[in-house]
Amino acid sequence: MEVFENLLTPASLQTLAKSWLAEDTPAFDYGGAVVGNGQERAVLLCKSNGVLCGKPFVNAIFAELDCKVNWLKSEGEDLSPVCEVAEVTGPARCLLLGERIALNCITRASGVASMARKFAAIRNQHGWHGDIVGTRKTTPGFRLVEKYALLVGGMGTHRHDLSSMVMLKDNHIWSAGDIPSAVSKARSVCGFAVKIEVECRSVQEARDAATAGADVVMLDNFAPATLATAAEQLKKEFPHVLVEGSGGVTLDNVAGYFSPQWSQLDWYCTCQCRLLAMLSMSDWPVAGTCNDRCR
């Protein structure tokens, strides 16, 4: 998983960690005054089956607090409860400053990665050539975490933000007048280096988009059988255009969408489901032994 961890820049990790810490303790740390700076150790425990994800973010959080993290499990590893995942050592008040933020981050990331792993397993089981990707519908402030978690889990990411790809939806098209006008205006400002995708509600709209120069046509809310037929028609007419399906994709029905006619399915995972893996952190004196801890 090192290749995914290397996607994250030190500056981005530090900025996120600082912002999360400032949000959680904007003024006095009253609890910190109680526990002081004595050196202690906390143990991160896994309490449910899932995929471990979020190590770079936890490392960044505790680095800001002068705490050290010793990982006992690998990023992307399948975990079974109850097991020790990591040990964190440092001043007691600093451990407590980072504890809840680190847990929020790693449980959210592990939950998304775990669900992504399930989607990827179904795709691989059926030998489908395409990608199941997570969209821009992410938790505010957690987009980088959730997009990273999709990759660790074995899925792909759709565009990261409004600047990374043009997506023309019904509001853009209504405002521009029609699909060709919207695509033309978009191309005039994004140039050749940025892809243009158009959300389409019918095969004819997809034809209009492809003819106008769209790189991707997204067939929105098509039933699986209808989607396959529409995609086959479009690929015959516009073999260079990527066909994408979107709307209502779940673990229960995703296999029904697999077809050689299109290459991408969208999954709105991170805003429509509460995806959490159960992890907790227990604080132990430095003098404690492994035999004292939960196994």
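Of the inter-residue distances, the one linking Leu44 atom CG with Leu52 atom CG reads 8.0 Å to the nearest 0.5 angstrom. Rounding to the nearest 0.5 angstrom, the gap separating the CD1 atom in Ile61 from the CG atom in Leu13 is 9.5 Å. Interatomic distance, Ser110 OG to Asn49 CG, rounded to the nearest 0.5 Å: 12.5 Å. The CG atom of Asp131 sits 11.5 Å away from the CG atom of Leu150 when rounded to the nearest 0.5 Å. Thr89 contributes atom OG1, which lies 11.0 Å from atom CG of Asp66 (distance to the nearest 0.5 angstrom). Here the SG-CE distance, from Cys200 to Met218, works out to 8.5 Å after rounding to the nearest 0.5 Å.
Within the 4.5 Å cutoff, the side chain of Ile196 has heavy atoms near those of the Cys190 side chain. Between Met165 and His160, every side-chain heavy-atom pair lies at or beyond the 4.5 Å cut-off. In this structure the side chain of Thr157 reaches within 4.5 angstrom of the side chain of Leu151, judged on heavy atoms. When side chains are defined from C-beta on, Val216 does not count as touching Val241, because their heavy atoms never get closer than 4.5 Å. For the pair Glu197/Val166, no side-chain contact is recorded, criterion being any heavy-atom separation below 4.5 Å from C-beta on. A 4.5 Å side-chain heavy-atom check between Leu251 and Met115 finds at least one atom pair inside the cut-off. Side-chain contact between Pro56 and Tyr148 is present, with at least one heavy-atom pair separated by less than 4.5 Å. Residues Trp128 and Ile122 are not in side-chain contact: their nearest non-hydrogen atoms beyond the backbone lie 4.5 Å or more apart.
Between Phe222 and Val203, the shortest heavy-atom distance links the atoms CZ-N, 4.4 Å. Nearest heavy-atom pair across Leu95 and Gly90 is CD1-O, 3.8 Å. Across all non-hydrogen atoms, the minimal contact from Ala113 to Cys53 is CB-CB, 3.7 Å. Of all the heavy atoms in Cys67 and Pro91, the pair that sits closest is SG-CD, 4.3 Å. The shortest non-hydrogen separation linking Arg136 to Asp161 is CD-CA, 3.8 Å. Closest approach of Asn59 to Trp71, counting heavy atoms only: OD1-NE1, 2.8 Å.
Around the CD atom of Gln204, the shell of radius 6.0 Å holds more than 12 heavy atoms that belong to other residues, nucleotides or ligands. Within a 6.0 Å sphere centred on CZ of Arg93, other residues, nucleotides and ligands contribute 12 heavy atoms or fewer.
For the residue pair Asn104 and Arg100, a side-chain donor N or O sits within less than 3.5 Å of a side-chain acceptor on the partner. Thr15 and Ser12 share no side-chain donor-acceptor pair at under 3.5 Å. Side-chain contact annotation: Asp208 with Thr211, donor-acceptor N/O pair under 3.5 Å absent.
A chain of hydrophobic side-chain contacts below 4.5 Å, direct or via other Ile, Leu, Val, Met, Phe, Trp or Tyr residues, connects Val145 to Val152. Phe238 and Val183 end up in different hydrophobic clusters when Ile, Leu, Val, Met, Phe, Trp and Tyr side chains are linked at under 4.5 Å. Note: the hydrophobic cluster containing Met167 does not contain Leu162 (ILVMFWY, side chain heavy atoms under 4.5 Å, direct or indirect links). The cluster map of Ile, Leu, Val, Met, Phe, Trp and Tyr, joined by side-chain heavy atoms under 4.5 Å apart, puts Leu168 and Val243 in different clusters. There is no path of hydrophobic side-chain contacts, each under 4.5 Å, that joins Leu242 to Val194.
At distances below 3.5 Å, not a single donor-acceptor pair connects side-chain atoms of Ser74 with backbone N or O atoms of Glu77. Judged by distance alone, with hydrogens and angles left aside, the side-chain atoms of Lys147 form a donor-acceptor pair with the main-chain N or O of Gly134 at under 3.5 Å. Side chain of Glu75 to main chain of Gly54: a donor-acceptor pair is present (N/O by atom type, distance under 3.5 Å, no hydrogens or angles). For the pair Ser114 (side chain) and Val51 (backbone), a donor-acceptor distance under 3.5 Å is present. Using a distance-only test at 3.5 Å, with no hydrogens or angles considered, a donor-acceptor pair links the side chain of Ser188 to the main chain of Lys185.
Taking 4.0 Å as the cut-off between side-chain N and carboxylate O, Glu5 and Lys55 do not count as a salt-bridged pair. Between Asp78 and Arg117 there is a salt bridge, since at least one side-chain N of the basic residue sits less than 4.0 Å from a carboxylate O of the acidic one.
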_Please evaluate residues Thr139 and Glu146 with respect to the criterion side-chain hydrogen bond (donor to acceptor under 3.5 Å, both in side chains), reporting the C-alpha separation (whole Å), side-chain torsions for both, the decisive distance (0.1 Å), and the verdict._
CA-CA 8 Å; Thr139 306; Glu146 292 171 351; 2.7 Å; yes
_CA sep, side-chain torsions, deciding dist, call: Glu199, His172, side-chain hydrogen bond (donor to acceptor under 3.5 Å, both in side chains)_ = CA-CA 10 Å; Glu199 181 183 88; His172 300 98; over 6 Å; no
*Evaluate the side-chain contact (heavy atoms from CB on, under 4.5 Å) criterion for residues Phe142 and Arg108: first the C-alpha distance (whole Å), next the side-chain angles of each, then the deciding distance (0.1 Å), finally the verdict.*
CA-CA 9 Å; Phe142 258 65; Arg108 184 65 179 174; 4.1 Å; yes
*Passes side-chain contact (heavy atoms from CB on, under 4.5 Å), Trp20 versus Asp24? Steps please.*
CA-CA 6 Å; Trp20 292 332; Asp24 206 39; over 6 Å; no
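Put simply, the residue from Tyr257, Phe119, Phe258 that forms a ring pair (Phe, Tyr, Trp, His ring centres under 6.0 Å) with His126 is Phe258.
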